[in-house]
Amino acid sequence: MQILVIGATGYAGRRVSAALARAGHTVLGLARDTAARAALDLAVNEVIPVQGDFSKPETWRGHLDGADAVVHLLMDMSDPIGADRCLFAELAAAQERDGRRRHLVFTTGISSYGRTGLPLMDENTPGNPQSPIGFRFTLEQELADSGLAHTVVRPGFIYGGPATTSMTGQWFAAAEAGAPVFYGDTAKRWSWVHVDDLADAYVRILDNPAAADGEVYVIADDQRLTALDMQHAAVRAAGYTGEIALESAEAGGMLQMAADQDELVTSGKAHRLLGWRPRHASFTDNPDRHYRAWKAAQPTS
């Protein structure tokens with residue numbers, strides 16, 4: 001298959017793109033600048049960097065012509081609702097032009113649920129519309145109503161590798177700066193997933209996209225530690241021995257507010273239907289290894 005990956009130069013996007021290429025697909029990775037280091041890293045992994053800015057559909061519309069599938073891994077913070085609706089419209093228009101159904105793998109996340117009060121959530125758990133990013137559930141429903149071939153992936157909190165936009169990467173950086181802060185409820189627990197385990201889920205979906213059409217998959221492992229315990233492990237791995245300051249979720253911004261509650265999920269459906277199982281049990285199994293990977297990915301002066 002030929003697959004266009006939107007968000008290919010991002011944290012999860014690089015690993016997903018590389019995994020799809022290793023699986024034998026022709027992968028086009030959308031990049032604003034195909035000469036930038038991130039785009040060249042795609043090429044090293046046999047992904048073809050193609051120029052385009054997601055916020056400007058005229059720059060990437062042509063890349064849909066030969067595509068059999070599209071993987072969307074980007075949230076456009078300047079217009080997160082409008083940008084994704086534009087993607088749906090572009091896919092519908094491309095199908096109208098040539099009659100080909102392109103399979104969209106649409107990525108949201110478990111923080112979209114918001115505060116549900118449930119001890120464990122799955123694909124059938126309704127989201128709380130008061131969540132700061134609850135609009136992603138609305139987008140999922142609009143996609144389901146569109147008639148487009150699609151699969152929705154809701155990852156847990158991602159860790160591993162360069163951790164560029166991972167909470168763990170933020171914790172490592174704050175520890176090195178000597179000022180780690182924990183935002184919000186100190187008792188909250190989140191479900192997590194290693195970035196390479198997440199990439200494996202996309203490969204499995206696109207191995208047989210027809211079987212996954214219309215499905216939603218939660219992708220996370222079974223670790224159940226509090227987020228604060230996770231942060232303690234991260235900052236100790238980075239060599240910080242002091243206390244972690246506590247602040248309100250509001251002080252951390254929208255994404256901290258969106259995640260300020262228990263977010264524990266089960267991936268039983270992915271186990272059954274995709275045969276997916278995480279190969280990495282827990283971030284805390286080897287936080288030193290994850291710190292070294294993050295550190296190696298930092299730009300040198």
Side-chain angles (χ1 to χ4, degrees), residues 1-8 10 12-13 15-30 47-48 50 52 54 57-76 80-110 112 122-124 127 135-155 198-219 267 269-276:
M1 287 175 40
Q2 183 161 301
I3 303 168
L4 174 65
V5 178
I6 297 169
R15 303 296 263 248
V16 170
S17 298
L20 290 168
R22 285 195 302 272
H25 299 292
T26 298
V27 183
L28 309 182
L30 194 67
V47 175
I48 303 167
V50 293
F54 181 57
E58 67 276 8
T59 67
W60 51 264
R61 185 177 294 132
H63 302 315
L64 294 177
D65 289 345
D68 302 295
V70 176
V71 174
H72 183 41
L73 288 148
L74 174 69
M75 184 163 72
D76 184 345
I81 299 174
D84 285 355
R85 284 176 173 163
C86 180
L87 172 62
F88 302 163
E90 289 291 337
L91 285 167
Q95 183 172 315
E96 181 69 20
R97 285 195 303 272
D98 59 20
R100 296 176 58 195
R101 296 191 81 210
R102 296 157 179 83
H103 193 99
L104 172 63
V105 186
F106 183 63
T107 311
T108 57
I110 64 171
S112 303
D122 63 14
E123 291 83 358
N124 295 317
F135 60 82
R136 304 191 89 179
F137 269 37
T138 301
L139 289 166
E140 287 185 16
Q141 186 58 55
E142 291 179 9
L143 178 57
D145 293 340
S146 71
L148 294 170
H150 73 281
T151 305
V152 172
V153 175
R154 297 176 189 160
L198 176 62
D200 179 54
Y202 289 83
V203 171
R204 290 171 182 271
I205 289 167
L206 289 172
D207 275 346
N208 188 0
D213 192 6
E215 299 289 356
V216 178
Y217 291 106
V218 169
I219 304 295
S267 293
K269 180 178 177 181
H271 301 336
R272 295 190 309 273
L273 300 186
L274 296 177
W276 178 84

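Side chains included, hydrogens not; waters and symmetry mates left out as well; all remaining heavy atoms used.
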Could you report the tightest heavy-atom contact between [X] and [Y], atom names first, then the distance?
X: V218; Y: S267; answer: O-OG, 2.9 Å
X: D213; Y: L148; answer: OD1-O, 4.2 Å
X: A69; Y: M1; answer: CB-CE, 3.5 Å
X: I3; Y: H25; answer: CD1-CG, 3.6 Å
X: A144; Y: H150; answer: CA-CE1, 3.7 Å

ask   = Which residues satisfy the ring pair (Phe, Tyr, Trp, His ring centres under 6.0 Å) test with F106, sequence neighbours excluded?
value =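 Residues passing ring pair (Phe, Tyr, Trp, His ring centres under 6.0 Å) with F106: H72, F88.
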inquiry  = Just to verify, what does A201 make a side chain to side chain contact (heavy atoms under 4.5 Å, CB included) with, not counting sequence neighbours?
reply    =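 In terms of side chain to side chain contact (heavy atoms under 4.5 Å, CB included), with neighbours along the sequence ignored, A201 is linked to I219, W276.
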Separation of H103 NE2 from N208 CG (nearest 0.5 Å) =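 Taking CG in N208 and NE2 in H103, the distance rounds to 9.5 Å.
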request  = Please list, chain by chain and in numerical order, all residues satisfying side-chain hydrogen bond (donor to acceptor under 3.5 Å, both in side chains) with Q95, sequence neighbours excluded.
outcome  =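 Listed in chain order: nothing, the list is empty.
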ask   = Can R15 be said to sit on top of Y202's aromatic six-ring, NZ or CZ under 6.0 Å from centre and within 45° of the ring axis?
value =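 No; the conditions do not both hold, so R15 does not lie above the ring face of Y202.
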ask   = Where the side chain of R100 meets the backbone of D65, is there a donor-acceptor pair that is under 3.5 Å apart?
value =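 Yes; at least one donor-acceptor contact below 3.5 Å.
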message = Tell me which one of D76, L28, L73, V70 satisfies side chain to side chain contact (heavy atoms under 4.5 Å, CB included) with I6.
response =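 Checked D76, L28, L73, V70 against I6; only one passes side chain to side chain contact (heavy atoms under 4.5 Å, CB included): V70.
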key: Flag side-chain contact, heavy atom, 4.5 Å: V71 against L4   =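 A side-chain contact under 4.5 Å is absent here.
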